[in-house]
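Accompanying notes for the structure given below.
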Amino acid sequence: EPEVTQTPSHQVTQMGQEVILRCVPISNHLYFYWYRQILGQKVEFLVSFYNNEISEKSEIFDDQFSVERPDGSNFTLKIRSTKLEDSAMYFCASRLDVFPLAKNIQYFGAGTRLSVL
Amino acid sequence: QKEVEQNSGPLSVPEGAIASLNCTYSDRVSQSFFWYRQYSGKSPELIMSIYSNGDKEDGRFTAQLNKASQYVSLLIRDSQPSDSATYLCAVRYGANSKLTFGKGITLSVRP
């Protein structure tokens, strides 16, 4: 069964460093998302991406964050200068863009645990 | 601010019992409702989706939606220890929009 793939599974970085989290969405999906979950807290939306541009972003997704689809398969989240509070599990999700609505389920990757020291 | 509330929990039930998980949401224009299961340290896994008022059954799981009361619930029949996890309620407010999650309810099924 197709799945969303995320790498690395765990990323450790020093505060102030740049990190890039990578995702390979399901191949025929057209909408891509990043969510994060700080330990013990709820899953929070960061950004959605469609047709090579951001379609929606949250207030968390400030100038330190960017997303890119550098080729036909990868979808990346870059954090330019990491802070301690960026430590979280980051989930990539993707979905189809078809009718009817019932088919537009978001499928989540296994996540990347980001630890900022 | 669109909110999804899951205020009850943690929930502990004996094996074989029915577990009832509840969720309320704040925005009446919500279109789609989802229950995800999340094991500790893992990603959310879709259990059920529901779009219309009433009940939707899939195996041991039943989702119930009441749009007038802005309430969605998940019933798990014949609960198994492997059902022990955190159950996340998620709401989508438009066809193309993000999911808004509740904080989750942790279910423990006692053997």
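In what follows, every chain begins at residue 1, and chains take the letters A, B, ... in the order their sequences are listed. Hydrogens, waters and symmetry mates play no part in the numbers below; they use all other heavy atoms, side chains included. The model shown is predicted, which means the values in this text are computed figures rather than measured ones.
No single ILVMFWY cluster, assembled from side-chain heavy atoms under 4.5 Å apart, contains both A:L21 and A:I26. Transitive grouping of hydrophobic side chains (ILVMFWY, heavy atoms separated by less than 4.5 Å) brings A:F65 and A:W34 into a common cluster. A:V12 is not connected to A:V19 by any chain of hydrophobic side-chain contacts under 4.5 Å among Ile, Leu, Val, Met, Phe, Trp and Tyr, and they are in different clusters. A continuous path of hydrophobic side-chain contacts links B:W35 to B:Y25 [ILVMFWY only; heavy atoms under 4.5 Å]. Taking hydrophobic clusters as Ile, Leu, Val, Met, Phe, Trp and Tyr residues chained together by side-chain heavy-atom distances below 4.5 Å, B:V4 shares a cluster with B:I50.
If you measure heavy-atom distances from B:E45 to chain A, you find no contacts under 4.5 Å at all. Contacts between A:E44 and chain B at a heavy-atom distance below 4.5 Å are absent for every atom of the residue. With a 4.5 Å cut-off on non-hydrogen atoms, A:Q41 does not touch chain B at all. With a 4.5 Å cut-off on non-hydrogen atoms, B:L88 touches chain A through its side chain but not through its backbone.
The OG atom of B:S49 lies 12.0 Å from the CD atom of A:Q106; values are rounded to the nearest 0.5 Å.
Heavy atoms from other residues, nucleotides or ligands lying under 6.0 Å from CG of A:L39 number 12 at most. The number of heavy atoms from other shown groups lying within 6.0 Å of CG (A:N28) is above 12. Within 6.0 Å of atom CD1 in A:I20, more than 12 heavy atoms from other residues, nucleotides or ligands are found, so the atom counts as buried in its surroundings. More than 12 heavy atoms of other residues, nucleotides or ligands lie within 6.0 Å of NZ in B:K67, so this atom counts as buried by the packing criterion.
Within the cation-pi definition used here (under 6.0 Å to the ring centroid, within 45° of the axis), B:K98 qualifies as a partner of A:F45.
The shortest distance between side-chain heavy atoms of A:F108 and B:K42 does not fall below 4.5 Å. Residues A:K42 and B:Q6 have side chains not in contact (no heavy-atom distance under 4.5 Å, counting atoms from C-beta outward). You'll find the side chain of A:I105 reaches within 4.5 Å of the side chain of B:F34, heavy atoms only.
Scanning residues 102-111 of chain B against chain A with a 4.5 Å heavy-atom cutoff picks out B:G102, B:K103, ordered by number.
The two residues B:L99 and A:Y35 make their nearest non-hydrogen contact at N-OH, 3.0 Å.
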